[in-house]
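Indexing begins at 1, ligand by ligand and atom by atom, following the structure's order.
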Amino acid sequence: MDILIRDIDLIPVNGGEDIIRDTNIYIEGDRIACIGEFRDDRDVDRVIDGSGKVAMPGLINSHTHIGMSLLRNYADDLPLHDWLTKRIWPIEAKLQAEDVYWGSLLSMVEMIQSGTTGFCDMYFFMDEVGKGLEESGMRGVLTRGLIEDDEADKKLLETKELYRRWNGEANGRIKVMVAPHAPYTCSPAYLRSIMELARELDAGIHIHLSETRREVEESIEEYGKSPIEHVNDLGLFDLPTIAAHCVHIDDGDMDILKDKGVSPVNNPGSNLKLASGFSPVDRMLKKGINVALGTDGASSNNSLNMFREIYLAATVNKAVNMDAVSIPAYTAIEMATINGAKALLWDEEIGSIEVGKKADMIFIDMDKPHLYPMHNILSSLAYSVQASDVDTVIIDGDIVMEDREIKTLDVERIMFEGERVARDLINR
Ligand code: NI
């Protein structure tokens, strides 16, 4: 379908802090064909009135576990280690494919409604997430989380199968990467076989690194190295890597991340709630490291709202650094868009609104009391916009949500089934 969006304010996120006022965007098929003057020589199938709205690239949630929305508000106010080992892992062991299917769809509804168009997911029963991506129209990276246990080799085969079935599917909206859960759940030998698989598939890596102080202390005890030094010495960073968290890191770690082109993902909401600490985001960005933004799962956040995460990235870092200039509004927006696209190895296609790129974009309805007066659109987007201000979502040139109505999914049914399988799961 060819779409013309008329008279819209545009934040392209392509370098400068530009705002293009009152412009027109032409989408042809899945791509952005032209931005600027209205042209009456062009035929389109649909015209959308963009007045009173701001167009920006769709948000990219670079680290999440979307099946975990079933465990939202199930276990809270616990230290990370107890939360994970005593509450989350035991119930996750009972999860079945159908649970992950409905949990993932529930998350996709929430993500679309809050302006997220693409995400990087680490979980299991990932075929179910693949099906959800096909149905919802979203864009995503599927990664099967690899924790070393009796089924370690089987999980590697599952990753291989996942790649074969889904990589490049749905008009290229789906990618598959390889996901060692963390260096504390994968031995060096297992990490080596994971790296071998990633090389064989020519796929990137998605891993948790240096999330807690305890993890770093135990790594130094066991290997004499920080988690980042440890996996770097094993050669992991010779593959393109998305590293969730990177909270407890020093200058040496940062130099490695920079040299190896690793993309850390800041998850401020999850880090705050699990009291994991504060990632040195400002210092990483100043060193030229590509820091992306994510929510982590809905059981540690407890939301997948990337606008809240943008707000937290900008405000938490200011407070921690005692520097009100730290992570300005536009930087936080970049973390949630173009930096995410770079992390997911997708920046040639998405992450900004530019001619030739895929049409993944969202429109914010600015005609809201809490956004008046309009002194500064970038500040509005980072500090004042609510998820419910997202009016329209276009992914791969398709209108996935318009006037807040999701076109691709049956929201009522997904809420019903999500509740049903969650009840069943905790009674299992
Ligand atoms: Ni995580």
Side-chain angles (χ1 to χ4, degrees), residues 60-72 74-76 78-89 91-92 95 100 103-104 107 110-111 116 118-126 129 140-148 155 159 177-186 194 204-216 227-228 231 236 241-249 262-279 281 291-306 308-309 312-313 335-336 340 343-344:
I60 297 172
N61 188 344
S62 295
H63 175 71
T64 185
H65 313 278
I66 65 169
M68 289 186 93
S69 59
L70 292 186
L71 304 175
R72 190 197 324 264
Y74 163 74
D76 298 304
L78 292 167
L80 185 141
H81 191 77
D82 292 351
W83 171 80
L84 203 55
T85 59
K86 292 184 182 156
R87 300 299 304 277
I88 297 299
W89 284 349
I91 194 135
E92 280 187 334
L95 275 171
V100 173
S104 299
S107 290
E110 182 185 2
M111 287 193 280
T116 293
F119 60 85
C120 181
D121 189 40
M122 183 198 290
Y123 217 49
F124 41 95
F125 296 120
M126 294 305 293
V129 187
V141 179
L142 304 175
T143 75
R144 199 267 185 246
L146 300 165
I147 291 178
E148 189 170 7
K155 291 176 187 174
T159 300
M177 292 192 190
V178 182
H181 169 265
Y184 62 90
T185 48
C186 300
I194 290 168
I205 296 283
H206 180 203
I207 187 170
H208 294 97
L209 283 176
S210 299
E211 180 174 4
T212 64
R213 187 174 290 149
R214 175 177 174 161
E215 175 192 340
V216 176
I228 285 171
V231 299
L236 189 80
T241 302
I242 304 164
H245 299 299
C246 298
V247 173
H248 296 278
I249 60 174
V262 175
S263 290
V265 184
N266 182 217
N267 301 267
S270 176
N271 294 158
L272 283 168
K273 181 157 172 289
L274 292 170
S276 305
F278 305 103
S279 175
V281 174
V291 186
L293 195 62
T295 58
D296 216 349
S299 61
S300 66
N301 186 299
N302 295 358
S303 160
L304 302 175
N305 172 5
M306 283 289 289
R308 187 165 87 173
E309 226 57 32
L312 289 174
M335 288 169 67
L344 275 46

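- Evaluation of the ring pair (Phe, Tyr, Trp, His ring centres under 6.0 Å) rule for Y184 yields H181 as partners, not counting sequence neighbours.
- In this structure the side chain of V265 reaches within 4.5 angstrom of the side chain of I242, judged on heavy atoms.
- The side-chain heavy atoms of T159 and L146, taken from C-beta on, include a pair separated by under 4.5 Å.
- Protein N/O/S atoms closer than 2.8 Å to the Ni ion (ligand 1): H63 NE2, H65 NE2, H208 NE2, D296 OD1.
- With sequence neighbours excluded, the residues satisfying salt bridge (charged side-chain N to carboxylate O under 4.0 Å, His left out) with R214 are E218.
- With sequence neighbours left out, H63 forms a ring pair (Phe, Tyr, Trp, His ring centres under 6.0 Å) with H65, H206, H208, H245.
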Residue pair R87, E92: steps toward the salt bridge (charged side-chain N to carboxylate O under 4.0 Å, His left out) verdict: CA-CA 9 Å; R87 300 299 304 277; E92 280 187 334; over 6 Å; no

